[in-house]
Visitor: 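Sending over a structure as structure tokens; questions will come in a sec.
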Amino acid sequence: MSPAHPSPTGRRRFLKGAAGALAVPAAAAFVGALAEPAHADDTGLPDFAPIPAASVGPTPNADGYYVGRIAGNLYWVTDSYYQSMFLTTTRGVILVDAPPTIGHNLLRAIDDITRVNGRPSKVTHLVYSHSHADHIGAAGLFGTDVVRISHAATAGLLTRAADPNRPLPTVTFRDKYQLKFGGETLNLAYHGPNHSPDNIFIYAPEYATLMLVDVLYPGWVPFKNLAVSQDIPEWIKAQSIAMDYPWRTFVGGHLGRLGVRADGTLQIQYMNDLEASTRAAIDSVDPSPFFAKYGAQGNSWAIFKTFLDAVADAAAAPVAAKYTGVLAAADVFTRDNAWTLLESLRIDAGVLGPFGVRP
């Protein structure tokens with residue numbers, strides 16, 4: 001028997017309800033990131049700490065999305081989980097990313113804005129931040145005559161994926177690309193691999209806005225395992241590269257609000273604290289009990305797992321305690337982030353602890 005699938009209407013109802021559960025009025029979104037934490041839900045949540053009010057964004061509308069102006073002709077859309085950005089021009093719309101959870105609401109959001117400002121609603125250009133389906137998996141909604149722009153590596157990854165929901169780019173670049181269209185400008189740049197091999201920096205100079213996906217998470221700790229990034233040292237470096245841009249507003253691709261510069265500073269501080277704590281834990285956790293418990297049965301993986309888990313637990317504890325109430329979900333993902341950072345320190349930086357060169 002085939003499993004029953006929820007109807008599109010049921011899915012929209014679920015997403016609207018879930019988005020509403022995360023959202024608070026827009027004014028709360030821009031409380032200073034380093035201010036005394038306030039909580040969106042002072043009654044607490046099952047199992048995890050309440051979300052600081054400063055970490056969440058504007059309330060989605062009845063259809064499950066929020067669209068707002070960043071500055072001038074630059075706008076953003078969110079469903080409280082994912083984000084997209086678009087420019088209205090005299091000749092059409094330049095859209096950056098098409099997350100499937102927002103899906104057809106991107107078309108609704110664009111219509112909302114262009115109907116008011118009297119500009120064409122047709123999406124003429126679609127910029128891919130990177131190849132991952134969770135950020136561009138609704139690209140197929142925009143037809144075949146849209147100009148799709150990406151890094152050259154994205155084209156190779158999408159060719160391999162052969163996903164009809166992620167059509168191949170029609171224009172690619174390797175280092176820099178300036179998109180000038182209808183009186184508007186976006187500067188696209190590649191600074192090397194980070195979250196993925198192809199992730200790019202998207203800067204709107206006239207509006208001092210940077211979009212960089214899956215690197216900085218305004219108001220929140222990074223997603224599980226340091227955003228499931230493929231190159232951890234370069235992902236960490238990308239945070240500082242982002243801060244070198246002269247932006248005032250940041251679009252991170254995730255969650256419900258825009259970023260300000262204090263958000264970038266705070267995440268870098270979190271990562272510095274996590275690295276210091278992880279290095280200390282590598283030196284302080286004694287591997288002997290794990291060898292004694294599992295060595296006799298020859299279960300090498302059990303030795304490694306239990307030791308590495310113990311190091312991650314020790315590394316995460318003080319950092320999670322410090323940032324709970326300051327960064328949302330510090331108690332949810334800090335342990336996973338410590339585990340991934342530990343592995344990167346071991347294999348990328350050569351911080352091997354008890355598994356170093358045998359005397």
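If you read the sequence from its start, that first residue is 1, and numbering goes on from there.
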Visitor: Any Lys/Arg nitrogen of D231 or K237 sitting under 4.0 Å from an Asp/Glu carboxylate oxygen of the other?
Guide: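 Looking at K237 together with D231, the answer is no, because their closest N to O distance does not fall below 4.0 Å.
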Visitor: If you count the non-hydrogen atoms of other residues, nucleotides and ligands that lie under 6.0 Å from CZ in R261, is the total more than 12?
Guide: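 Enclosed.
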Visitor: Do P222 and Y270 make a side-chain contact, defined as non-hydrogen atoms from C-beta onward lying under 4.5 Å apart?
Guide: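 With C-beta onward as the side chain, the pair touches.
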Visitor: With no hydrogens and no angle check, just 3.5 Å: does a side-chain donor-acceptor pair link Y66 and Q83?
Guide: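 Y66 vs Q83: no donor-acceptor pair found between side chains.
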Visitor: Check for me, please, whether V171 and F181 land in the same ILVMFWY cluster - side-chain distances under 4.5 Å, paths through other members count.
Guide: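 Yes, V171 and F181 fall within the same hydrophobic cluster.
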Visitor: What I want to check is whether the side chains of Y65 and D112 have a donor and an acceptor closer together than 3.5 Å.
Guide: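 Side chains of Y65 and D112: pair found under 3.5 Å.
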Visitor: If you look at every heavy atom in W220 and S55, which pair is closest and at what distance?
Guide: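 For W220 versus S55, the nearest heavy atoms are NE1-O, 2.8 Å.
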Visitor: Is the centre of the W76 ring less than 6.0 Å from the centre of the F86 ring?
Guide: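 No, the ring centres sit 6.0 Å or more apart.
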Visitor: Determine, stepwise, if the pair L106 / L141 fulfils side chain to side chain contact (heavy atoms under 4.5 Å, CB included).
Guide: CA-CA 9 Å; L106 287 170; L141 296 178; 5.8 Å; no
Visitor: How many angstroms lie between CZ in F291 and OG in S300, if you round to the nearest 0.5 Å?
Guide: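 It comes to 8.5 Å.
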Visitor: Write down the atom of S277, the atom of P318, and the distance for their closest heavy-atom approach.
Guide: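 Smallest heavy-atom distance, with atoms named: OG-CG, 3.5 Å.
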Visitor: Is the side chain of Q267 donor-acceptor paired with the backbone N or O of Y217 at a distance under 3.5 Å, no angle test?
Guide: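 A pair under 3.5 Å: yes.
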Visitor: Considering all heavy atoms of both residues, which atom of S131 and which atom of L157 are nearest to each other, and what is their separation?
Guide: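 Heavy-atom minimum between the residues: OG-CD1, 3.5 Å.
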Visitor: Can you tell me how far the CG atom of D313 sits from the OG1 atom of T334, to the nearest 0.5 Å?
Guide: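 Here the rounded value is 12.0 Å.
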Visitor: Donor-acceptor pair, R148 side chain versus L168 backbone, under 3.5 Å?
Guide: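 Looks like yes, one N/O pair under 3.5 Å.
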Visitor: To the closest 0.5 Å, what do you measure between CG (L95) and CZ (F142)?
Guide: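 Between L95 CG and F142 CZ, I get 5.0 Å after rounding to 0.5 Å.
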Visitor: May I ask you to check whether F304 and F355 place their ring centers less than 6.0 Å from one another?
Guide: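 Yes, they do, as the ring centres are separated by less than 6.0 Å.
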Visitor: How close do L212 and I200 get, counting heavy atoms only, and between which atoms?
Guide: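 Looking at all heavy atoms of both residues, the shortest contact is CD1-O, 3.5 Å.
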Visitor: Between F173 and Y190, is the gap from one ring center to the other below 6.0 Å?
Guide: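 They do not qualify: ring centres at least 6.0 Å apart.
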Visitor: Do we see a donor-acceptor contact under 3.5 Å between the side chains of H132 and H195?
Guide: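 The criterion, which ignores hydrogens and geometry beyond distance, is satisfied for H195 and H132.
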Visitor: Checking T306 side chain against I303 main chain: does a donor-acceptor pair fall under 3.5 Å?
Guide: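 Checked: pair present.
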Visitor: Over 60° means perpendicular and under 30° means parallel, so tell me whether F333 and F223 are parallel, tilted or perpendicular.
Guide: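 Taking F223 first and then F333, their aromatic rings stand perpendicular (interplane angle over 60°).
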Visitor: How long is the straight-line distance from CG of L87 back to CD of E206, given to the nearest 0.5 Å?
Guide: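 So the gap between those two atoms works out to 8.5 Å.
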Visitor: Examine distances only and state if a side-chain atom of H135 and a backbone atom of P99 form a donor-acceptor pair shorter than 3.5 Å.
Guide: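 Side chain of H135 to backbone of P99: no pair is present.
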Visitor: What I want to check is whether the side chains of Q178 and N187 have a donor and an acceptor closer together than 3.5 Å.
Guide: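 Their side chains do contain a donor-acceptor pair, which is all the 3.5 Å distance test asks for.
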Visitor: Considering non-hydrogen atoms only, spot the tightest contact between P197 and P193 and give its length.
Guide: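 Shortest heavy-atom separation between P197 and P193 comes out as CA-CB, 3.9 Å.
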Visitor: Quick check: does any side chain N or O of R69 sit under 3.5 Å from a backbone N or O of G72, one acting as donor and the other as acceptor?
Guide: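 A pair under 3.5 Å: yes.
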Visitor: Please tell me whether W339 and N225 have a donor and an acceptor in their side chains that are separated by less than 3.5 angstrom.
Guide: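 The criterion, which ignores hydrogens and geometry beyond distance, is not satisfied for N225 and W339.
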Visitor: Might you point out which heavy atoms bring Y82 and I102 nearest each other, and give the distance in Å?
Guide: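 Scanning both residues, the minimum pair turns out to be O-CD1, 3.7 Å.
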Visitor: Using modelled atom types and a 3.5 Å cut-off, is there a donor and acceptor pairing between side-chain atoms of T90 and backbone atoms of G182?
Guide: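 Judged by distance alone, yes, a pair lies under 3.5 Å.
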Visitor: Main chain of I232, side chain of S229: is a donor-acceptor contact present, judged purely on distance under 3.5 Å?
Guide: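 Between the backbone of I232 and the side chain of S229 there is no qualifying donor-acceptor contact (under 3.5 Å).
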Visitor: Say whether E184 and Y207, considering side chains only, have a donor N or O and an acceptor N or O under 3.5 Å apart.
Guide: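 There is such a pair (donor and acceptor under 3.5 Å, judged by atom type) between the side chains of E184 and Y207.
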Visitor: Ignoring hydrogens and geometry beyond distance, is a side-chain donor-acceptor pair present between T324 and D331 at under 3.5 Å?
Guide: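 No donor-acceptor contact under 3.5 Å links the two side chains.
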Visitor: Look at K305 together with D309 and state whether they make a salt bridge at an N to O cut-off of under 4.0 Å.
Guide: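 Yes, K305 and D309 are salt-bridged.
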Visitor: Distance only, no hydrogens: is a donor on one side chain within 3.5 Å (strictly under) of an acceptor on the other, for D97 and S84?
Guide: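 Absent: no donor and acceptor within the cut-off.
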Visitor: Among side-chain atoms of N117 and T88, is any donor-acceptor pair under 3.5 angstrom?
Guide: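 T88 and N117 do have a side-chain donor-acceptor pair below 3.5 Å.
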Visitor: Between atom NZ of K180 and atom OH of Y177, what is the distance when rounded to the nearest 0.5 Å?
Guide: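 Reported value, rounded in 0.5 Å steps: 12.0 Å.
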Visitor: Would a distance-only check, ignoring hydrogens and angles, find a side-chain to backbone donor-acceptor pair under 3.5 Å from R257 to A54?
Guide: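 Indeed, once roles are kept as given, a pair shorter than 3.5 Å links the two residues.
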Visitor: Would you confirm whether the ring centroid of Y81 sits within less than 6.0 angstrom of the ring centroid of H254?
Guide: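 Between H254 and Y81, the centre distance exceeds or equals 6.0 Å.
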Visitor: Please report the interatomic distance CE(M85) to CD1(I94), rounded to the nearest 0.5 Å.
Guide: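 Answer rounded to 0.5 Å: 9.5 Å.
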